[in-house]
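Atoms within a ligand are numbered from 1 in the order they appear, just like the ligands themselves.
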Amino acid sequence: MPETQDSQDRAPPNHPSPIPDRGALPRHVAVIMDGNGRWAARRRRPRMIGHRAGARAVNLCIDFCLDRGIGALTLFAFSSENWGRPEEEVGALMKLFLNALEREVEELDRRGVRIRFIGERERFAGPIRERMDAAEASTRGNGRLHLAIAASYGGRQDVAAAARALATEVAAGRLRPEDIDERAVGARMALSDLPDPDLFIRTGGDLRISNFLLWQLAYTELWFTDILWPELDTATLERALADFAARERRFGLTGEQAGGFSNLPSDRAPE
Ligand code: IPE
Ligand code: IPE
Ligand code: MG
C-alpha cells in the first residue's frame, strides 16, 4: 500500500498520532544502545563479542516494549560516525546486522511489530539494503509496536536532508520560503508520523546525545544508566519507566500551567 505509506511519511508532526496517549507510560521510547565494546573489554574479549551479546539485549528491549504496551521504540544501532571505526569492526557489525535481519524479522512480524529503518540507507551494501526494504514491506501492516532502527543515522544529517528537501520544493515553486515553519521542517524529518520520543534512554554511562535524534528530542525526558548495553535487564527498564512516570513535563510553561502534562497519575499530580 504505497499510497498510505507516502501520505504517512509526509504527515505533519502534530497530526493525530497512531499511538494512543497512555498517561504515565511513554508512547515512544528512544534508546542509545551503548557499552558493547567496554563490556567485552572487561572480559578481555574482542569488541565483536560485546556486539553479539548486545544483540540479545535488543530482543529483551523489544519484548519489554511489547509486554508493556509501549507503542513505538527507536533503537540507535549504528551512527553516521560509526563508519569511521576500524574496518574489521565495521565489517563484523555489518555481518551481525545482516544475520539479525535474516533471523528476527519473521518472528517480529508474527508478533505485530512494524519495522522501519532511518538513516542513510544507500551507504549499506546491496544485500543489506534488500533485507531492510523487505523487512519494511512485509511488516508495513503491523501496528502493535512501531520499531525504528536508526542505522547509518545522524541527527545533523537528518536536519540537513530536511533542509535539502525544503530547498528543492522552493526551487521547484511548490513551496514559499515564508511557509517554512516548525511544522514544515518537522514533517520532513525522520519519524515525522510518530509522536516525538517521550523517553530517551542511554546505557553505557556517557551523558551525551551523540548525534541521535536532535530535532525530535527537543522535549524528551532524558534517562541515563551506567549499565552496559549487553547487561540490560527488565529491572533497569522498569526503573527508567518509574522515573519517567514521576517527572513533571512543563514544555516551557510554569509548573502550575503544566499540571495537565504531568506524567504523574492524577491522584499524585501536583495541585
Ligand atoms: C554501541 O557500543 C554499539 C555501536 C556503536 C555500534 P559501542 O561499540 O560504542 O561500545 P563502547 O562504547 O565502545 O563500550
Ligand atoms: C552512539 O554510540 C551510537 C550508537 C550507540 C549506535 P557511540 O559509542 O558511537 O557514541 P560516542 O562515540 O561515545 O559519542
Ligand atoms: Mg560507544
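Residue-level proximity to ligand 1 for L228 is absent, since no heavy atom of it falls below 4.0 angstrom. When non-hydrogen atoms are compared, ligand 1 lies under 4.0 Å from the backbone of M33 (N, CA, C, O) but not from its side chain.
Interface of R208 with ligand 2, defined as ligand atoms under 4.0 Å from a residue heavy atom, comprises 11 (P), 13 (O), 14 (O). Remark: ligand 2 atoms within the under-4.0 Å shell around heavy atoms of I32 are 1 (C), 5 (C). Within the listing of ligand 2, atoms 6 (C) sit less than 4.0 angstrom from a heavy atom of F78.
The neighbour count for E87 CD, taken as heavy atoms of other residues, nucleotides or ligands under 6.0 Å away, does not exceed 12.
With W39 as the aromatic partner, R42 does not meet the cation-pi criteria of under 6.0 angstrom to the ring centre and within 45 degrees of the ring axis.
Distances from atom 13 (O) of ligand 1 to the heavy atoms of E81, M48, R47 put R47 nearest.
The shortest N/O to N/O separation between D34 and ligand 2 falls below 3.5 Å.
Ligand 2 lies within reach of R85, whose nearest heavy atom is under 4.0 Å from it. Taking 4.0 Å as the cut-off, G35 counts as a neighbour of ligand 1 on heavy-atom distance. Under a 4.0 angstrom heavy-atom cut-off, A77 registers as being in contact with ligand 1.
Taking backbone and side chain together, D206 holds no N, O or S atom under 2.8 Å from the Mg ion (ligand 3).
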